[in-house]
Peer 1: 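Sharing a structure, written as structure tokens. Questions coming.
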Amino acid sequence: MSETVLQLLSAAAVVLITRYLVPYLRAVLQGKKQEELIGKVEQYVEAAEQLYKGVKLGTERMKYVSGLLEEEGIKTDGKVRALIEAAVRRL
């Protein structure tokens with residue numbers, strides 16, 4: 001009987017971990033990845049601003065930042081482009 005109770009408690013623990021802990025950890029890790037991405041984008045935008053000084057060089061700056069991100073395996077989709085634009089506006 002005590003073996004059955006132990007198995008039930010173990011099963012309940014697995015269900016609780018799967019239901020609550022795993023999604024929480026996934027959200028935390030995604031948040032950290034997002035923070036890291038924003039930090040990289042800001043760093044690369046600042047570098048692009050330093051390298052490409054002058055008016056009407058936005059396209060070159062965007063290509064530079066996109067190139068650096070793609071070298072790291074980060075695709076510059078619409079979301080990443082929005083982060084780049086936001087970093088430019090903050091400068």
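None of the values given here were measured: they were computed from a predicted structure.
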Peer 1: If the condition is side chain to side chain contact (heavy atoms under 4.5 Å, CB included), which residues does Glu49 pass it with, not counting sequence neighbours?
Peer 2: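 Listed in chain order: Val45, Arg61, Val88, Leu91.
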Peer 1: List the residues meeting salt bridge (charged side-chain N to carboxylate O under 4.0 Å, His left out) with Arg90, not counting sequence neighbours, and say none if there are none.
Peer 2: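 Arg90 satisfies salt bridge (charged side-chain N to carboxylate O under 4.0 Å, His left out) with Glu42 only.
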Peer 1: Decide yes or no for Leu83 and Leu37: does some side-chain heavy atom of the first lie under 4.5 Å from some side-chain heavy atom of the second?
Peer 2: yes
Peer 1: Going by side chain to side chain donor-acceptor pair (under 3.5 Å), name the pairs with one or both residues in residues 68-84, residues two or more places apart or in two chains.
Peer 2: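 Residue pairs with at least one partner in residues 68-84: Gln34-Lys79, Lys40-Glu72, Tyr44-Glu72, Glu70-Thr76.
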Peer 1: Check whether Val28 and Ile17 end up in the same hydrophobic cluster, where Ile, Leu, Val, Met, Phe, Trp and Tyr are linked by side-chain heavy atoms less than 4.5 Å apart.
Peer 2: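 As far as the 4.5 Å side-chain criterion goes, Ile17 and Val28 are connected within one cluster.
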Peer 1: Do Leu69 and Ile84 pass the side-chain contact (heavy atoms from CB on, under 4.5 Å) test, and can you show the C-alpha distance, the side-chain angles, and the key distance before you say yes or no?
Peer 2: CA-CA 11 Å; Leu69 291 170; Ile84 294 169; 4.1 Å; yes
Peer 1: Applying ring pair (Phe, Tyr, Trp, His ring centres under 6.0 Å) as the test, list every pair that has at least one member in residues 2-28; sequence neighbours left out.
Peer 2: none
Peer 1: Tell me the side chain to side chain donor-acceptor pair (under 3.5 Å) pairs involving residues 10-19, sequence neighbours left out?
Peer 2: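 Of all non-adjacent pairs touching residues 10-19, none passes side chain to side chain donor-acceptor pair (under 3.5 Å).
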Peer 1: According to side chain to side chain donor-acceptor pair (under 3.5 Å), who are the partners of Tyr64, at least two apart in sequence or on a separate chain?
Peer 2: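 Tyr64 satisfies side chain to side chain donor-acceptor pair (under 3.5 Å) with no other residue.
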